[in-house]
There are 2 protein chains.
Amino acid sequence: MSRTARTRPTLEEVAAAAGVGRGTASRVINGSAQVSERARQAVEDAIAELGYVPNPAARTLKTQRTDAVALVIAESEERVFGEPFFAGVIRGIGTALSQARLQLVLLLAHTAQRGGQLDDYLTRQHVDGVLLLSLHDDDTLPERIRARGLPVVLGGRATEHQQGAFVDADNAMGARLAVDHLVARGRSRIATIAGPADMVVGRTRHQGYLDGLRAAGLAADASLVEHGDFSLDSGEAAMHQLLARRPDLDAVFAANDLMAAGALHVLREAGRAVPGDVSVVGFDDAPLAASTHPPLTTVHQSPDLMGREMVALLLDSMAHPDAPATPRLLETRLVVRASS
Amino acid sequence: MSRTARTRPTLEEVAAAAGVGRGTASRVINGSAQVSERARQAVEDAIAELGYVPNPAARTLKTQRTDAVALVIAESEERVFGEPFFAGVIRGIGTALSQARLQLVLLLAHTAQRGGQLDDYLTRQHVDGVLLLSLHDDDTLPERIRARGLPVVLGGRATEHQQGAFVDADNAMGARLAVDHLVARGRSRIATIAGPADMVVGRTRHQGYLDGLRAAGLAADASLVEHGDFSLDSGEAAMHQLLARRPDLDAVFAANDLMAAGALHVLREAGRAVPGDVSVVGFDDAPLAASTHPPLTTVHQSPDLMGREMVALLLDSMAHPDAPATPRLLETRLVVRASS
DNA sequence: CAACGTCGTGGGAGCGATCCCATGCAACCT
DNA sequence: AGGTTGCATGGGATCGCTCCCACGACGTTG
């Protein structure tokens, strides 16, 4: 523990201390069955005694595995941090990777380096696999990485027809649940504050909203649709528009909680009782959903699980490089609070 | 570019293709001056031709440098993500490290692994230096790492008398600026919604508040002090308390923007005009500060800069292992908006 | 013109692990 | 008793790089 250990001990020294050969010591460390109990004990004692830690560089050089995985986050999407949802995903990733004893190398992809520096880095020489979070529609990065023979898993889809392995929340079904719930509450003039039309999440949740209306036999009405950009401000602005256009609306489904919170403000200022006059449902089940006034009914999705599933998928493709990529849609569920 | 490159080329092959020896090729790659123009050109051409990327494991094994830096985030403080401030710090760290061509290894320290796994990882064998974000008061991790001979830099202080290298915002001066500003606006019954008393940030900003009062010749009054936990809710609760206790207050300094936003809500509901009756100043200059009603006057600090300074300090101690650690306090400045 | 730097160069040694092969030994079978 | 199997073992070769030393060619100097 408190030895000055200027230079770390090598496997050779451990073997010597244990009175065995290098090969046997290596076998103990890598958990081979072909070792006598006596030798195993001696080696383990020596390891503890000397405070031995295997040198990962030497191991990588020989095995051609790095035991590291890259998490790439596009700079333009750096809001990724700062959003509780992505924070949760990263946490899930971290947990799952550390259980698998893999290192997490964080790559914040600056526009400058996207050219080639990033691509050069994403090689078997540096990492065994790649996780990608939140890409643009047109990004060819996944294909480029795959072309280099590295397994990739995306968090969220970049397009509706995403190729390869990805993990995404079942956004359409989530939105559908929200609308079903509003219908069950007897609402019939259900407005939506949709996300940006140029983002898959936005489009998919909007589609789920439409599906829900159709299933309930309600007509889709463009005057009940307003788009926001997932920010609180945009939620407020959209709610103003909707109220002006359709003062008779009796429910609002917002594509995320932040916009729903904005809607709540505006409804309150406009003197509409929630949920008396208007029911409001959000999406995400973000921390703030529990502390709005009134607390927000919302569609729950689990960021932590998303991160863990991304890692699970990646481990799969690392183990079976030629198996076909299996996307995974994560279940959502409705959390009913006081706003509906 | 599009070659199938099943196995990456080695330095040996580059040298052969360029018609030079391994040594010369290595010199070109590492920018040695002792190379003829002709040889340099030949090697560079061969590198481009073959798509050569040096094998970092081999390099590390030989040089004993990893060219990687760990960023350790304590799990209990995982809110770190999800907060715009820390998101900015991480971004600054990422930028600075990539400019220095260092890799960022993210370690989310789970309580389980804190025991020894984490300690074992933090060795010269794995990383060249360590960045620590947001520790608990009693954490001995920095000392343990330093004992292993690894440079460490903290972001934020764990105690008032923090040993070693750290970067922190000048919180006391920032709070002082806020109070000075309120005094200049003619306010004299200045309340504060302070942070938790068991956090250095909370204590330091509170101290700055007291300093400001003293400088203005105003008496510190316990009835004008309420503590929150940096959340919006706690800001609202604190504001209720303050109003009940001191209906005559004419200004509030909140230790962060979120609590200030909570205070704004409560003041508005209580019918106090801001800034007519009460001036409000926050701390952080978080994104939300610009979109409160009214927009919030606040103390600006730059998370991005904090991240970059942490890296600068770390690079320093990596270059001069025996130089004394120099902490760095970052300037803050007041951003005056409509709330004061 | 011999002696001596200087400069560019090639290639050996070695970093610390893993893998594999050859070996020794005990146990089991005929 | 002799042969065969099986298991635990030690150590050589190897991964791809950097460092260092030795060497030849050239220019400078006494």
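In what follows, chains are A, B, ... by sequence order, proteins preceding strands, each numbered from 1.
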Between A:T60 (side chain only) and A:R65 (backbone N and O only), is there a donor and an acceptor less than 3.5 Å apart?
yes
Identify all pairs in which a protein N or O lies below 3.5 Å from an N or O of nucleotides 19-26 of chain D, and state each distance.
| from | atom 1 | to | atom 2 | distance (Å) |
| --- | --- | --- | --- | --- |
| D:dC20 | N4 | B:R27 | NH2 | 3.4 |

Rounded distance in Å - CD (A:E12) to P (C:dG16):
10 Å
Measure from CD on B:Q125 to P on C:dG16 and round the result to the nearest Å.
8 Å
Is the phosphate of C:dC7, meaning OP1 or OP2, less than 4.0 Å from a side-chain N or O of B:Q34?
no
Is the side chain of B:S36 donor-acceptor paired with the backbone N or O of B:A39 at a distance under 3.5 Å, no angle test?
yes
Between B:R38 and A:A57, which has a closest nucleotide on DNA chain C that is more 5'?
B:R38
May I have the distance from A:R40 (atom CZ) to D:dT9 (atom P), rounded to whole angstrom?
9 Å
Please evaluate residues A:V167 and A:L313 with respect to the criterion side-chain contact (heavy atoms from CB on, under 4.5 Å), reporting the C-alpha separation (whole Å), side-chain torsions for both, the decisive distance (0.1 Å), and the verdict.
CA-CA 8 Å; A:V167 178; A:L313 242 57; 3.8 Å; yes
What contact category does B:P54 fall into here, base, sugar-phosphate, or nothing, at under 4.0 angstrom with non-hydrogen atoms?
sugar-phosphate
Rounded to whole angstroms, how far apart are CD on A:E37 and C1' on D:dT9?
16 Å
Using modelled atom types and a 3.5 Å cut-off, is there a donor and acceptor pairing between side-chain atoms of A:Q41 and backbone atoms of A:E37?
no
With no hydrogens and no angle check, is any side-chain donor or acceptor of B:R308 less than 3.5 Å from a backbone partner on B:P303?
no
Here the distance between atom C1' of D:dT18 and atom CG of B:L61, to the nearest Å, is 10 Å
Interatomic distance, A:L11 CG vs D:dA13 C1' [rounded to whole Å]
16 Å
Tell me: NE2 of B:H126 to C1' of C:dA17, nearest whole Å?
13 Å
B:R59 side chain to B:T63 side chain, donor-acceptor N/O pair below 3.5 angstrom
no
Identify whether any heavy atom of B:A39 sits under 4.0 Å from a base atom; if not, whether one sits that close to sugar-phosphate; answer base, sugar-phosphate or nothing.
sugar-phosphate
Sidechain-backbone polar pair: A:D128 side chain, A:T66 backbone, donor-acceptor under 3.5 Å:
yes
For B:A58 and for B:G21, locate the closest nucleotide of DNA chain C by heavy-atom distance; then report the residue assigned to the nucleotide nearer the 5' terminus.
B:G21
May I ask you to verify if any side-chain N or O of A:S36 is less than 4.0 angstrom from the OP1 or OP2 atom of D:dA8?
no
Rounded interatomic separation in angstrom, taking CD from A:Q64 and C1' from C:dC19
13 Å
